[in-house]
Every structure is written in C-alpha cells, then in structure tokens.
*Asks:* 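Mind having a look at this structure? Questions to follow.
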Protein chains: 4
Amino acid sequence: MDGRDVMNHDVKSQVSDEALVARRRAQIVAAATELFSHQGFYRTTIQDVAKKAGVSAGLIYQYVTDKEDVLLLVLLSVLDSYKTEIPAAIAGLTDPLERFWAAIGAYCRVVDQRREATVLAYRSTKSLPDDRRELIKQSEIETNGMIAACLSDCVKAGLMRDVKVELVTYQLVTFAHSWALKHWRLKEVCGLEEYIAEGFDFFAQALLTPKGRRHQAKIHGRT
Amino acid sequence: MDGRDVMNHDVKSQVSDEALVARRRAQIVAAATELFSHQGFYRTTIQDVAKKAGVSAGLIYQYVTDKEDVLLLVLLSVLDSYKTEIPAAIAGLTDPLERFWAAIGAYCRVVDQRREATVLAYRSTKSLPDDRRELIKQSEIETNGMIAACLSDCVKAGLMRDVKVELVTYQLVTFAHSWALKHWRLKEVCGLEEYIAEGFDFFAQALLTPKGRRHQAKIHGRT
Amino acid sequence: MDGRDVMNHDVKSQVSDEALVARRRAQIVAAATELFSHQGFYRTTIQDVAKKAGVSAGLIYQYVTDKEDVLLLVLLSVLDSYKTEIPAAIAGLTDPLERFWAAIGAYCRVVDQRREATVLAYRSTKSLPDDRRELIKQSEIETNGMIAACLSDCVKAGLMRDVKVELVTYQLVTFAHSWALKHWRLKEVCGLEEYIAEGFDFFAQALLTPKGRRHQAKIHGRT
Amino acid sequence: MDGRDVMNHDVKSQVSDEALVARRRAQIVAAATELFSHQGFYRTTIQDVAKKAGVSAGLIYQYVTDKEDVLLLVLLSVLDSYKTEIPAAIAGLTDPLERFWAAIGAYCRVVDQRREATVLAYRSTKSLPDDRRELIKQSEIETNGMIAACLSDCVKAGLMRDVKVELVTYQLVTFAHSWALKHWRLKEVCGLEEYIAEGFDFFAQALLTPKGRRHQAKIHGRT
DNA sequence: GATGAATGAGGCTTCATTCAT
DNA sequence: GATGAATGAAGCCTCATTCAT
C-alpha cells in the first residue's frame with residue numbers, strides 16, 4: 001500500500017476523478033497535520049485547514065464527510081508511514097538480528113520524521129467515533145506485528161531469550177514513540193542516533209542470549 | 001503535599017472558606033475526571049460536569065476561572081497520586097534495589113488504579129495553555145525524579161550498570177504508563193501483576209550488574 | 001385541552017419550570033407564526049424568530065430541540081384553536097341543526113382570526129419529518145371528527161340527506177379553509193359573514209331534507 | 001398554448017435553439033417536479049435535480065436563471081395541464097349542463113393525474129418572489145374562469161340557481177383540488193370516479209333549479 | 001453546449017460564561 | 001453561597017451559483 005492509497009481509503013468523496021481526489025486529500029492532510037499537531041484537533045477549525053491548504057472551506061467537504069474524517073485521514077497517513085518504511089528498511093536483510101535492529105531503527109527514524117504527527121496520533125485517536133477508531137487500532141496492530149515477527153524470529157533462532165513477544169513488542173514500540181512523546185525533554189539529553197544507540201544497548205542487554213551476544217559481536221559493525 | 005493541597009493549588013477561587021473550596025473542588029474534579037476520561041475534554045460540557053457533580057453550572061465558576069482550570073485540577077490530581085503513592089511505597093525501605101522495585105511497582109499500581117485518568121493526562125495536556133501546561137511538566141519531572149533517584153542509587157551501589165539515568169527513567173516511566181495507554185490490548189495478554197513481574201524480569205536483565213544479580217537473588221522473595 | 005397545554009406538548013425542554021416553559025414557548029410561537037406566515041418556514045431564520053420574540057437565539061434551543069420543533073409548535077397551536085373554539089361554539093346548543101351551523105360558523109371564524117397561520121399549516125406540514133407530521137394529521141382528524149359528528153346527528157335526525165359523511169365533512173372543512181387559502185381573491189368578492197351566509201345557503205340546498213328545510217325555517221332567526 | 005410553450009414561457013435562457021431549450025426544460029421540469037413533490041422545494045438541491053435529470057448542475061443554469069425559476073416552470077407546467085385538459089374535455093359539447101359536468105370531471109381527473117404536482121402548487125407558490133407568484137395567480141384565475149363560464153352559462157340557461165358565481169367556482173375548484181390535498185385520507189374512503197360521482201350529486205342538489213333537475217334527468221346517461 | 005469542481009456566504013446549533021434572584 | 005436561565009460568539013456544514021475546460 002502506498003501513500004496514494006491511504007488518500008483513497010475508506011472515506012467517500014463527492015468527486016470522481018481519483019487522481020484529483022488523491023491530490024486534494026494530500027493537500028488537506030498536509031495542512032491539517034500541521035495545524036492539528038500544533039493547536040490540537042478541536043482548536044483547529046475547518047476554515048483554518050482550508051486557509052492553510054489554500055482552498056475554500058466548502059471544497060474540503062467534497063473530499064471528506066466530516067471534520068473527523070480529516071482527522072482520520074491524518075492519522076492513517078501517519079500509520080501508513082510506518083507500514084511503508086519498516087518493510088523497506090528490512091527488505092534485503094536476512095539475518096534475524098540485523099532485521100530486528102533495522103526494524104527498530106527504522107521505526108525510530110519514521111517517528112522522528114513525523115514527530116508531531118506521532119504525538120497527534122497518541123492524543124487524538126479518542127476524538128474519533130468508535131468505528132473509525134477501530135481502523136486506527138487495526139493499523140497499529142499491523143505495525144506491531146512487523147516488529148513482533150522480527151523479535152519472534154530472533155527468539156526462534158536462539159538469539160534472544162524466550163520472552164513474552166507481545167509485551168516486549170510494546171516496550172520496543174513505546175521506546176520509539178517516546179522519542180516523539182518526550183521529545184521536549186529528550187532533545188536536551190541526546191540526539192536521535194544516540195537515542196537509538198542507547199536503546200539498542202539497553203534492549204541487547206535485556207534480550208540477547210549468550211549465543212545472541214556472540215552473534216551480535218560479529219555483525220556489530222554493520223548496524 | 002496531600003490531596004487537599006492540590007485542590008487549593010494555583011487556581012483562584014471566589015470563595016474564601018478553604019475547607020469548602022477543597023471539598024467543592026474535589027467534587028468537581030471527581031465528576032470531571034470521569035467525564036473527561038470517557039468523552040474527552042472537548043466533548044464534555046461544563047453542564048455535564050455540573051450535573052454529574054450534582055451542582056449547578058454557575059457554582060463551578062466560583063471555584064474555577066475556566067473550563068481549562070477544571071482540566072488543570074484534574075491533571076494535577078492524577079499527578080499528585082503519583083507523588084503521594086510512590087514515596088509511601090518506598091518509605092521504610094533502605095535497600096536500594098528493594099526501593100527501586102517498590103517504586104516501579106507502586107507506579108504501575110497507581111497507574112492501574114487511575115488508569116483512565118492517566119490516559120487523560122497523556123491526551124489532554126496539550127489542551128492547556130502554555131503556562132498551565134508548564135505546571136504539569138514540572139510535576140511530571142518531579143515524579144520522574146523520584147524514579148531516577150532510585151535508579152541512580154542502584155548504579156552508585158554498583159548494583160546496576162552505568163546507564164544514562166534519564167533515558168532509562170523514561171523507559172521505566174513509559175513502561176508504567178503503557179499499562180494504561182495500551183490497556184485495551186494488554187488486558188488480553190496478562191494481568192497487572194504479571195505485567196509488573198515481566199517488566200521486573202526485563203529490566204533486571206537489562207540493568208543489573210553481576211553484583212546486582214547476586215544481590216537480587218538474595219532479596220528475591222521480598223519483592 | 002387549553003392553549004397552555006399545547007405549549008408543553010411533545011417537545012422536550014431543557015428548562016424545568018413549567019410555567020416559564022409555557023410562557024417562553026408562547027413568546028416563541030407568536031413570533032414564529034408571524035414570520036413563518038409571511039416569509040415561509042425556510043426563509044425565516046432562528047435569528048429572525050429570536051429577534052422578533054425579543055430573546056437570544058440560544059434561548060430558543062432551551063425550549064425546543066430543532067427549528068422544526070418550532071414549526072411543530074406553531075402548527076399545533078393553530079390546530080388547537082380549532083379544537084378549543086368549535087366545542088365552545090356548540091356548547092349549550094342541543095338542536096342538531098343549530099349545532100351544525102354553529103360549528104361551521106365557528107370554524108370559519110377561527111380560520112379568519114388565524115388566517116395566516118391556517119395558510120401556513122397548509123403549506124408547511126410537509127416540512128416536518130414523518131413522525132411529527134403524524135401528530136398534525138391526528139389533530140386534523142380530531143377536528144374533522146367534531147364536524148362529522150354534527151353532520152351525522154343531522155342525518156340521524158332525518159334533517160339531512162344520507163350523504164357520505166366523511167366526504168361532505170371534507171367539503172365543509174375545505175370551505176372554511178378556503179376563506180384563508182383564497183383570501184387574496186375572496187376578500188375582493190365578499191366579507192367573512194357574507195361568505196359564511198353564502199356557504200350556509202349552499203350547504204343547506206345540498207344537504208337538507210324536506211323535513212330539514214321546514215325545521216330550518218323555524219330556527220332561521222337564531223343562526 | 002401547448003406544453004412546449006410553457007417551457008419557453010417568461011424565463012430567459014442562455015441557449016438560443018428553441019427546440020433544445022424546450023427539450024432541456026422539459027427534462028429539468030420532470031425531474032424537479034418529482035423531487036419537489038416528494039422532498040419539498042427547499043429540501044431539494046439543484047444537484048439533486050441535475051442528477052435525476054441526467055445532466056450537470058451547470059447545465060441547468062443555462063436554461064434557467066434561478067432555482068426559483070425551476071419552481072416557476074414546474075408550477076406553470078401543472079397549471080398548463082388544467083388549461084389544456086379542461087377545454088379539450090368540453091370541446092364539442094354544447095349543452096350547458098353537459099359542459100359543466102364535463103369541465104368538473106376533467107378538472108378532477110387532471111388533478112388525479114398530477115396529484116403530487118397539484119399538492120406542490122398549493123404548498124410552494126409562496127416560495128416564489130412576488131412578481132413570479134403573480135404569474136401563477138393569473139394562471140389560476142384563467143382556469144377558474146373556464147369553470148366560472150360553464151357555471152354562469154347554466155345559470156343563464158335557468159338550469160342553476162342564481163348563486164354567486166365566483167364563490168361557487170371556488171367550491172368547485174376546491175372540490176377538485178381536495179382530491180389531491182386530502183388524498184392520503186380520501187383514498188381510504190373511495191376511488192376517483194366515486195369521488196366525482198358523489199361530488200356531482202352534491203353539487204346537483206346544491207345548484208340545480210327544478211328546470212335544471214328535469215334537464216339533468218334527461219342527459220343523465222351521458223355524464 | 002456541457003461539465004463538474006470550486007467558491008463562499010449564510011444558517012443552525014452548541015456551550016462557556018454571566019448575572020439576577 | 002448557590003442556582004439555572006439567558007446570552008451570543010463561534011464553528012460546522014450546505015448548497016446556489018460560477019467558470020475554466
């Protein structure tokens with residue numbers, strides 16, 4: 001699924017030309033993401049979004065049914081970044097440990113790139129009605145699944161301890177998200193790459209088996 | 001600082017009788033906490049809060065200047081739980097490792113007790129104007145400080161590796177918060193105590209030095 | 001059922017004081033009736049109604065859920081005039097023929113008093129959602145029932161031909177309504193009392209039996 | 001005046017080809033009539049009309065200046081049915097009484113054929129600005145004139161009482177319209193032809209002179 | 001001639017806040 | 001101190017109308 005697709009996802013439009021729909025929605029989402037991130041969903045008016053997007057307020061309603069739909073599109077676009085970037089980062093890698101670190105690193109970097117949108121996703125999911133919120137949860141579960149699979153592969157290969165995969169996955173995911181959520185403080189403490197490196201060190205300690213440690217030593221230069 | 005105190009914290013009231021102010025504010029905060037948690041801050045009206053608190057809408061404005069003040073009081077009351085419960089949990093303990101686990105465990109349990117309010121704090125802090133948000137950040141930093149001190153003591157005692165204290169503190173704090181934030185999923189995976197136990201195991205692996213491990217083995221039954 | 005009652009009929013209010021509710025609704029209905037009659041329902045804004053009623057727009061929504069509810073109240077108040085005036089006009093009369101003419105005359109006179117509102121009722125009933133429209137139809141059927149009963153009594157007494165009561169009732173009702181509906185033209189032709197007299201003559205010709213005619217001759221001076 | 005003509009009546013078009021104009025307008029009017037009848041004028045959007053007519057929204061504005069113009073065309077098309085059908089029904093008849101009944105019967109049958117549009121005309125005339133509403137009134141007066149002439153001829157021929165022609169004309173017209181206006185109830189009571197028959201009986205009683213009655217008896221089979 | 005995307009004014013409705021009682 | 005009716009500003013959304021293609 002590419003970025004285009006999200007823009008046609010689940011939200012009905014009055015306009016039929018698909019390319020136009022995708023373009024307009026991208027325009028709207030870009031403006032909305034910035035505004036929602038800075039002022040919050042409820043403080044941002046549709047007029048604000050329209051003005052920032054350089055279109056009229058009425059136009060927005062040709063591509064969206066609701067103000068809430070705008071939020072949904074924004075959130076889906078963030079989650080979609082994850083689902084696009086993580087697979088891209090591990091594509092071509094075969095070693096389980098390398099794949100694991102690559103996935104975590106990619107996750108952190110997407111979070112960094114879309115930092116404000118990530119925070120927005122944390123704060124605003126509950127502003128959606130239940131059915132649309134469900135879409136978001138599903139997407140989150142999918143992303144977690146990618147991390148969990150990498151973790152699980154390491155366990156199966158005897159490189160990591162036999163931990164509760166799902167719980168540790170949450171630790172990993174949360175670690176990545178924290179970079180955005182606590183950025184106001186963390187940025188005083190270290191930079192992104194250092195944050196990632198510290199995390200690697202921490203999780204290596206927590207998870208690797210002796211065999212994993214030896215393997216890690218060998219591939220170390222590459223990560 | 002006790003619960004009463006928060007209710008007199010920083011927000012001006014038109015009523016002079018301090019005991020009454022504290023009582024009324026507690027009433028308002030209790031109602032608001034539940035409503036904000038379930039419906040969100042913006043979807044909850046002052047009339048809703050008044051009705052649930054069993055008072056008139058006008059009354060609220062005698063104890064608060066703003067709707068935002070209500071939110072501030074709610075958030076401060078959550079953060080205050082942390083600042084009350086964690087010291088209580090480690091009072092009387094002297095062993096650094098025991099104090100550490102007790103602090104983390106206490107944190108997780110307060111989060112569990114005030115689960116929805118914790119989520120609210122995550123979501124709604126940005127709904128506050130900058131100056132009032134600053135109050136919240138300060139409170140969060142204080143709480144973190146308590147955890148960081150425990151961690152630091154363990155490091156100084158040679159029981160834990162010389163990690164970046166602040167970063168790891170964030171991981172610990174986030175671990176506790178995650179129980180609330182991801183409760184919708186985690187509750188399917190395990191109960192609170194199991195969650196805590198798994199976390200202890202994880203952090204023990206990640207943090208303990210060989211000396212720490214031996215010490216841990218000795219005190220194990222007690223945690 | 002008196003006028004007060006209609007004002008508490010079927011529409012929920014946020015305000016509990018019943019007397020106040022009745023007073024405010026009467027205020028709103030009076031303003032709305034005039035505006036809806038002159039400009040039509042859709043051309044009239046709630047702000048217009050509020051201004052004419054001398055209240056704020058927000059206030060209206062404490063006594064009504066919808067703009068459509070305002071229309072409903074207006075229509076019910078018109079229909080209620082019928083249901084109040086016609087029984088009053090025939091109360092105390094026992095002769096079937098006298099009752100019949102008194103009912104028709106009363107109907108015409110109420111229509112005349114509430115001429116514009118009557119036209120409004122004709123035009124606007126379809127602007128209501130189905131369930132509320134049903135209320136209106138019921139009320140209309142009740143009024144028709146009163147006329148039909150008078151007619152039926154005359155038939156039973158052998159004073160009128162054995163016509164299809166319901167069809168003739170519609171003609172009688174429509175005759176009364178026409179005074180409002182076609183007033184723009186009829187007022188050039190005759191006055192109200194002349195209109196009524198001509199109608200009596202017409203319906204007498206159409207309906208009375210020979211016995212009825214003799215009876216009519218006797219009571220003539222009284223009608 | 002035929003149906004085509006109405007479509008060129010009084011409303012300016014940007015398109016010059018008259019045949020095309022008439023065709024397009026007929027298309028638009030057909031769609032609008034149905035929608036206005038079912039949903040009302042204000043609830044129907046130009047987009048709705050365009051979709052039902054199978055054209056674009058922009059197209060409509062090449063054949064009409066206003067949304068109100070669409071309504072005007074619709075109403076004129078209804079009134080035009082009357083002005084076409086009634087003369088057709090009495091053409092070739094010479095006996096005044098036969099002409100009278102034929103006119104009334106024709107009126108009722110057109111009302112039945114265009115039942116919803118007739119109701120629409122009742123409800124929506126006031127949605128037009130004064131000048132355009134005047135056009136409608138004129139058209140109504142013309143139709144009434146045809147009925148009044150038939151009635152007047154009967155009176156002159158001594159077949160009917162010397163009633164106020166205009167008032168009775170309204171009774172007759174209203175009788176026909178009622179079939180549409182009260183159809184929701186009348187259809188439970190009788191069919192169209194029975195309704196007409198009852199009306200004939202009623203008006204015969206009300207209007208015929210003894211001479212008229214004898215004449216009526218002779219022609220009875222023919223009506 | 002036809003299209004349909006774009007505009008933007010305007011209306012309904014909500015709700016934080018006030019104030020007379 | 002408490003009430004709750006009243007206010008009115010503000011926002012979401014609709015839809016008649018235009019205009020570039």
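The basis for the numbers below is simple: all heavy atoms, side chains too, and nothing from hydrogens, waters or symmetry mates. Lettering follows sequence order; numbering is per chain, from 1.
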*Asks:* Could you tell me which residues satisfy side-chain hydrogen bond (donor to acceptor under 3.5 Å, both in side chains) with B:Lys137, sequence neighbours excluded, listed by chain and number?
*Replies:*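 Per chain and number, B:Lys137 pairs via side-chain hydrogen bond (donor to acceptor under 3.5 Å, both in side chains) with no residue.
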*Asks:* Using a 3.5 Å limit on both pairing distances, list the dot-bracket string of DNA chain E from the 5' end; Watson-Crick and G-U wobble pairs count, crossing pairs take [ ], interstrand pairs take |.
*Replies:* .||||||||||||||||||||
*Asks:* Report which part of the nucleic acid C:Asp66 touches: base, sugar-phosphate, or nothing (heavy-atom distance under 4.0 Å, all strands).
*Replies:* sugar-phosphate
*Asks:* Mind checking side chain to side chain contact (heavy atoms under 4.5 Å, CB included) for B:Lys51 and listing every partner two or more places apart, or none if nothing turns up?
*Replies:* none
*Asks:* Show the distances under 3.5 angstrom between N or O atoms of the protein and N or O atoms of nucleotides 6-9 of chain F.
*Replies:*
residue, atom, partner, partner atom, Å
F:dA6, OP1, C:Arg24, NE, 2.7
F:dA6, OP1, C:Arg24, NH2, 2.2
F:dA6, OP2, C:Tyr63, OH, 2.3
F:dT7, OP2, C:Ser56, N, 3.0
F:dT7, OP2, C:Ser56, OG, 2.9

*Asks:* Please state how far atom CD in A:Gln27 lies from atom P in E:dA5, giving the value in whole angstrom units.
*Replies:*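 From A:Gln27 CD to E:dA5 P: 15 Å.
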*Asks:* Run the side-chain hydrogen bond (donor to acceptor under 3.5 Å, both in side chains) test against D:Glu134 and tell me which residues pass, sequence neighbours left out.
*Replies:* none
*Asks:* Specify the separation, in whole Å, of atom CG of A:Leu71 and atom C1' of F:dC12.
*Replies:* 15 Å
*Asks:* Among residues at least two apart in sequence or on other chains, which ones pass side-chain hydrogen bond (donor to acceptor under 3.5 Å, both in side chains) with C:Ser56?
*Replies:* none
*Asks:* With sequence neighbours left out, what residues match D:Asp130 under salt bridge (Lys or Arg N to Asp or Glu O under 4.0 Å)?
*Replies:* D:Arg133
*Asks:* Please report, rounded to the nearest Å, how far the C1' atom of F:dC12 is from the CD atom of A:Glu68.
*Replies:* 11 Å
*Asks:* Test of understanding: with side chain to side chain contact (heavy atoms under 4.5 Å, CB included), list the residues that count as partners of C:Arg132, not counting sequence neighbours.
*Replies:* C:Thr65, C:Asp66, C:Glu68, C:Asp69, C:Leu72, C:Leu128, C:Pro129
*Asks:* Checking side-chain polar atoms at under 3.5 Å, does C:Asp48 have a donor or acceptor matched by the opposite partner on C:Thr45?
*Replies:*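 Note: C:Asp48 and C:Thr45 side chains meet the donor-acceptor criterion.
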*Asks:* Among residues 32-46 of chain A, which ones have heavy-atom contacts with DNA chain F below 4.0 Å?
*Replies:* A:Thr44, A:Thr45, A:Ile46
*Asks:* Take atom NZ of A:Lys67 and atom P of F:dC13, then tell me their distance rounded to the nearest Å.
*Replies:* 8 Å
*Asks:* List in chain and number order the residues that pass side chain to side chain contact (heavy atoms under 4.5 Å, CB included) with A:Ala121, two or more places apart in sequence or in another chain; answer none if no residue qualifies.
*Replies:* A:Leu75
*Asks:* Rounded to the nearest angstrom, tell me the gap between atom CD in A:Gln14 and atom C1' in F:dC13.
*Replies:*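 These atoms are roughly 12 Å apart.
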*Asks:* Quick one: A:Tyr61 OH to E:dA5 P, roughly how many Å, whole number?
*Replies:*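 So the OH-P distance, A:Tyr61 to E:dA5, works out to 19 Å.
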*Asks:* To the nearest angstrom, how far is D:Arg25 atom CZ from E:dA2 atom P?
*Replies:* 13 Å
*Asks:* With sequence neighbours left out, write down each residue that passes ring pair (Phe, Tyr, Trp, His ring centres under 6.0 Å) with B:Phe41, or none if nothing qualifies.
*Replies:* B:Phe36
*Asks:* Please check this pair: side chain of A:Lys126 against backbone of B:Leu120, looking for a donor-acceptor N/O pair closer than 3.5 Å.
*Replies:*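 Not a single qualifying donor-acceptor pair exists.
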*Asks:* Applying side chain to side chain contact (heavy atoms under 4.5 Å, CB included), can you list everything that pairs with B:Arg24, at least two apart in sequence or on another chain?
*Replies:* B:Leu20, B:Gln27, B:Val55, B:Leu59, B:Tyr63
